[in-house]
Undergrad: 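This is the structure I want to talk about, given as structure tokens.
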Amino acid sequence: MSNWRTGFWFVLVGASAAFTHLAVFALTEPHLWPEVANAVGFGVAFGVSFAGHRWLSFQDAGTSLWQSFRRFAITALVGFAANELVFVVLLRGLGLPSFLALFLALVLASAQTFVLSRLWAFRRGT
């Protein structure tokens, strides 16, 4: 698949996963600490992200479904760790509103996730 198509699908799937993450966060944050609501949002969005990236963004991956899942889970957890760290710094350290802090954290973590997904989780030709 061409790089522009990979990029197109990555952005579309990533936006769908981010919207899912934000929606779940919005539903759970009134009942949970923001950091926990962020984790719940991540958990739900993980399924959207993996399915979309496996079958759309990186459909020509040279990895098995199970290998891609394991690698993507590690990639996503590393991305979530960065997301949560940035989220806490922005929310607790700088006092930003929770939705703004989460949005910025999601944007910053997405680039890292793309690089790890492209070069490792869904690597072509392995």
Side-chain angles (χ1 to χ4, degrees):
M1 180 185 304
S2 69
N3 285 337
W4 75 266
R5 285 192 56 182
T6 296
F8 169 80
W9 282 116
F10 185 84
V11 169
L12 191 63
V13 169
S16 298
F19 178 78
T20 300
H21 191 143
L22 288 166
V24 171
F25 179 82
L27 293 171
T28 59
E29 193 214 6
H31 311 287
L32 302 169
W33 291 331
E35 297 85 353
V36 175
N38 186 25
V40 173
F42 163 79
V44 175
F46 175 85
V48 172
S49 188
F50 176 74
H53 289 317
R54 174 65 186 179
W55 286 289
L56 296 171
S57 305
F58 304 106
Q59 62 184 256
D60 59 344
T63 55
S64 69
L65 179 64
W66 179 240
Q67 184 180 37
S68 292
F69 180 81
R70 285 191 329 257
R71 289 179 175 185
F72 186 74
I74 292 167
T75 298
L77 287 171
V78 168
F80 177 69
N83 165 295
E84 187 79 342
L85 178 65
V86 170
F87 177 66
V88 169
V89 167
L90 295 174
L91 178 71
R92 304 291 183 195
L94 298 179
L96 268 63
S98 60
F99 268 80
L100 178 58
L102 180 58
F103 177 79
L104 293 173
L106 287 171
V107 168
L108 291 173
S110 67
Q112 170 190 338
T113 301
F114 176 78
V115 170
L116 289 174
S117 293
R118 179 78 163 102
L119 298 178
W120 185 59
F122 300 106
R123 184 172 57 217
R124 293 179 173 122
T126 49

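Being a predicted model, the structure only gives us computed values, none of them experimental. Index from 1, following the sequence.
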Undergrad: Under the criterion side chain to side chain contact (heavy atoms under 4.5 Å, CB included), which of Leu102, Leu108, Leu104, Val88 is the partner of Asn83?
TA: Leu102

Undergrad: Spell out, yes or no, whether Phe103 and Leu96 are grouped together once hydrophobic residues are joined by side-chain heavy atoms under 4.5 Å, including indirect joins.
TA: yes

Undergrad: To the nearest 0.5 angstrom, please state how far the CD atom of Glu29 sits from the CZ atom of Phe99.
TA: 6.5 Å

Undergrad: With a 3.5 Å distance limit and no angle check, can you tell me whether Ser49 reaches the backbone of Ala45 through a side-chain donor-acceptor pair?
TA: no

Undergrad: Would you say the side chain of Trp55 lies within less than 4.5 Å of the side chain of Leu65, judging by non-hydrogen atoms?
TA: yes

Undergrad: Quick check: is Val86 connected to Val107 through a chain of hydrophobic side chains (ILVMFWY, heavy atoms under 4.5 Å apart)?
TA: yes

Undergrad: Would Phe42 end up clustered with Phe25 when hydrophobic side chains under 4.5 Å apart are linked, directly or stepwise?
TA: no

Undergrad: Check whether any side-chain heavy atom of Leu32 sits under 4.5 Å from a side-chain heavy atom of Val40, and report yes or no.
TA: yes

Undergrad: Would you call Leu91 and Leu100 a side-chain contact if the rule is heavy atoms closer than 4.5 Å?
TA: no

Undergrad: Would Val24 and Trp33 show up in the same hydrophobic cluster when neighbours are defined by side-chain heavy atoms closer than 4.5 Å?
TA: yes

Undergrad: Nearest 0.5 angstrom please: Thr75 OG1 to Arg70 CZ, how far?
TA: 12.0 Å

Undergrad: For residues Phe69 and Phe50, report the shortest heavy-atom separation together with the two atoms involved.
TA: CA-CE1, 3.5 Å

Undergrad: Does atom CZ (Phe19) have a neighbourhood of more than 12 heavy atoms from anything else shown, all under 6.0 Å?
TA: no

Undergrad: Please check if Phe46 and Leu77 belong to a single hydrophobic cluster, counting links between Ile, Leu, Val, Met, Phe, Trp and Tyr side chain heavy atoms closer than 4.5 Å.
TA: yes

Undergrad: Less than 4.5 Å apart, any side-chain heavy atom of Phe72 and any of His53?
TA: yes

Undergrad: Given 3.5 Å as the limit, does a donor-acceptor pair link the side chain of His21 with the main chain of Asn38, or not?
TA: yes

